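The next block holds one structure in the form of structure tokens; read it before the comments.
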Amino acid sequence: MTRQPSEDLIHPKAEKGIDAAKQKTQKHTSHDRRIMHVDMDAFFAAIEQRDNPQLRGKPVIVGGTKGQRGVVATCSYEARKFGVKSGMPLAEAERKCPNAAFLKTNGRKYTYTAIKLLDIFHRYSPIVEPVSIDEAYLDITGSIRQFGSDRKLAESLKNEVYNILQLTCSAGIAHNRIFAKLASGLEKPDGLTIINREEVAVKVFPLPVEKLWGVGDKTAETLHKLGITTIGKLAKYPLNILKNYFGINGEQLQKIARGEGATAVVSIKEREDEKSIGHEHTFSGDVLNINAVMQRLLILSQKVGRRLRSRGFGGTIITLKLRYSDFETHTHRETFPEIFWDDREIFEAGKVLFKQIYQKKRAVRLIGISVSRLFRIDFESEFPLHQVDLFSEPSRKKEILPVMDSLRDKYGENIISRCAANV
Ligand code: DCP
Ligand code: CA
């Protein structure tokens, strides 16, 4: 698609950013709220095509090289024409599209881009809620006036993303999150779909029910058996029958179809929980054997990880507490660009911190580890390995460590190189 030269594309108001305080003082009822959902197109593959012009316009499959075991993380739209999709075994992708370029994932590069992206989003609203590495909700209610209309705001954002990152994204705008997300997927790639409240009957209700967030194959199958093929049918279906089939989820399912189940967009700052999750252990005697201390640290890290995950949190600060036999106590903390919830990662980071402060040959009395600056993590939707079916599948933990940065560090570019693996 053709785009204007970059100087023109940064909206003058966007350049200054939106004054968070001003936005907060504007009162908006949930009735007139405008929510935008932005989702990058073929994110990892598009980045690879951007960085290697020879790959542009060609099928690109990211996830591993030819012959490697593993699954497709994503693929370019050119590869999708051959039936390749995320989560598919690489071997199958190779059969379907033998001429594609097969590339390993490059997490650091994608994270760097994701951080830049969130920086751009914050020019358009102070209320930005990232939900995965390439997706975020923005509450643009208070910003629209400065751009003239929601469409102009979205066009400005899309142009800015393209000019700064040379990537396209798809945006959807509606009065709630569910329809905003639905809208962003309707005209992918490089789409922009706006759904106004009065257009729901025309633009949303005729759509297939499986387009709704959270409705996966199994739920759709049951809905189809009931003759519910469209979102509109689900929105109007007798609730008692839905409850018979889906239990308490029946009501939630219908609410989603009506766009009622959606909650407000929660900005990163609000989501933060200053509390920390941690565990410590006092040894019964003083310990000089560092392996024993490390073993205990691993157990503590596992406990912390488990608690984080069960509460749906991840955190970016790791704090290690160390007390020597003479009760001299040290705490050492570090902010990382990753969000930690994985036991092993917590342990590895803790071990590094321990090594940085431990004075050799001193006996240890207590060891503790905690994770703070907590973020609520959507364990289901971030890096899903397959379409998540909220209403019929049991909760599944993430299997891939996504690298989402904490924005509060002001997106410092070099913080990426400080990630745990490199310390
Ligand atoms: N991802 C992954 N494994 C999956 C799904 C996704 O590693 N099973 C990664 C690669 C994707 C990125 O997350 O590029 C974003 O996921 P999306 O589901 O948003 O997919 P894309 O952005 O690649 O494509 P689309 O244009 O359909 O949004
Ligand atoms: Ca995407």
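Keep in mind that this is a model prediction, so the values were computed, not measured. Numbering of ligands and ligand atoms starts at 1, following listing order. FYI, side chains are in, hydrogens and waters are out, and symmetry mates aren't considered; it's all heavy atoms of this structure. For the single chain, residues carry numbers from 1 onward in sequence order.
Checked against R34 for a side-chain hydrogen bond (donor to acceptor under 3.5 Å, both in side chains), the options N196, N176, D139 give a single hit: N196. Considering I133, T113, V128 as possible partners of L118, the one that fulfils the side chain to side chain contact (heavy atoms under 4.5 Å, CB included) test is V128.
The Ca ion (ligand 2) has an N, O or S atom of D134 inside 3.0 Å of it.
Residue-to-ligand polar distances place D134 within reach of ligand 1: an N/O pair is separated by less than 3.5 Å. In terms of polar-atom proximity, defined here as any N/O pair under 3.5 Å, I133 makes no such contact with ligand 1.
C75 and I61 get closest at one heavy-atom pair: CB-CG1, 4.0 Å.
Which parts of ligand 1 touch R80 is read off a 4.0 Å heavy-atom cut-off, strictly below it: atoms 21 (P), 23 (O), 24 (O), 25 (P), 26 (O), 27 (O). Close contacts between ligand 1 and Y77 involve ligand atoms 25 (P), 26 (O), 27 (O) [criterion: under 4.0 Å to a heavy atom]. If you number the atoms of ligand 1 from 1 as listed, the ones under 4.0 Å from a heavy atom of T74 come out as 10 (C), 11 (C), 14 (O), 21 (P), 23 (O). Within ligand 1, counting atoms from 1 as listed, the ones closer than 4.0 Å to a heavy atom of D41 are 26 (O). Near M40, the atoms of ligand 1 lying under 4.0 angstrom from a non-hydrogen atom of the residue are 22 (O), 25 (P), 26 (O), 28 (O). Near K188, meaning under 4.0 Å from one of its heavy atoms, ligand 1 places the atoms 25 (P), 26 (O), 28 (O). Of all atoms in ligand 1, numbered sequentially from 1 with element shown, those under 4.0 Å from a heavy atom of F43 are 14 (O), 21 (P), 22 (O), 23 (O).
Residue contacts with ligand 1 for D39 involve side-chain atoms from C-beta outward but no N, CA, C or O (heavy atoms, distance under 4.0 Å).
H37 and Y137 have tilted rings, their planes meeting at an angle from 30° to 60° on a 0 to 90° scale. Between F354 and Y358, the ring planes lie parallel to each other; the angle is under 30°, not in the 30° to 60° tilted range.
Rounded to 10 degrees, the O-metal-OD1 angle spanning M40 and D39 at the Ca ion (ligand 2) equals 90°.
Salt-bridge check for D39 with K188: passed, with a basic side-chain N closer than 4.0 Å to an acidic carboxylate O. Taking a cutoff of 4.0 Å between a charged side-chain nitrogen and a carboxylate oxygen, E155 and K158 do not qualify as a salt bridge. Ionic pairing of K58 and E78 is not present here: no N-O contact between side-chain nitrogen and carboxylate oxygen is shorter than 4.0 angstrom.
For the residue pair S170/D190, the side-chain donor-acceptor check at 3.5 Å is not satisfied.
Using a 4.0 Å cutoff on heavy atoms, A42 counts as a contact of ligand 1.
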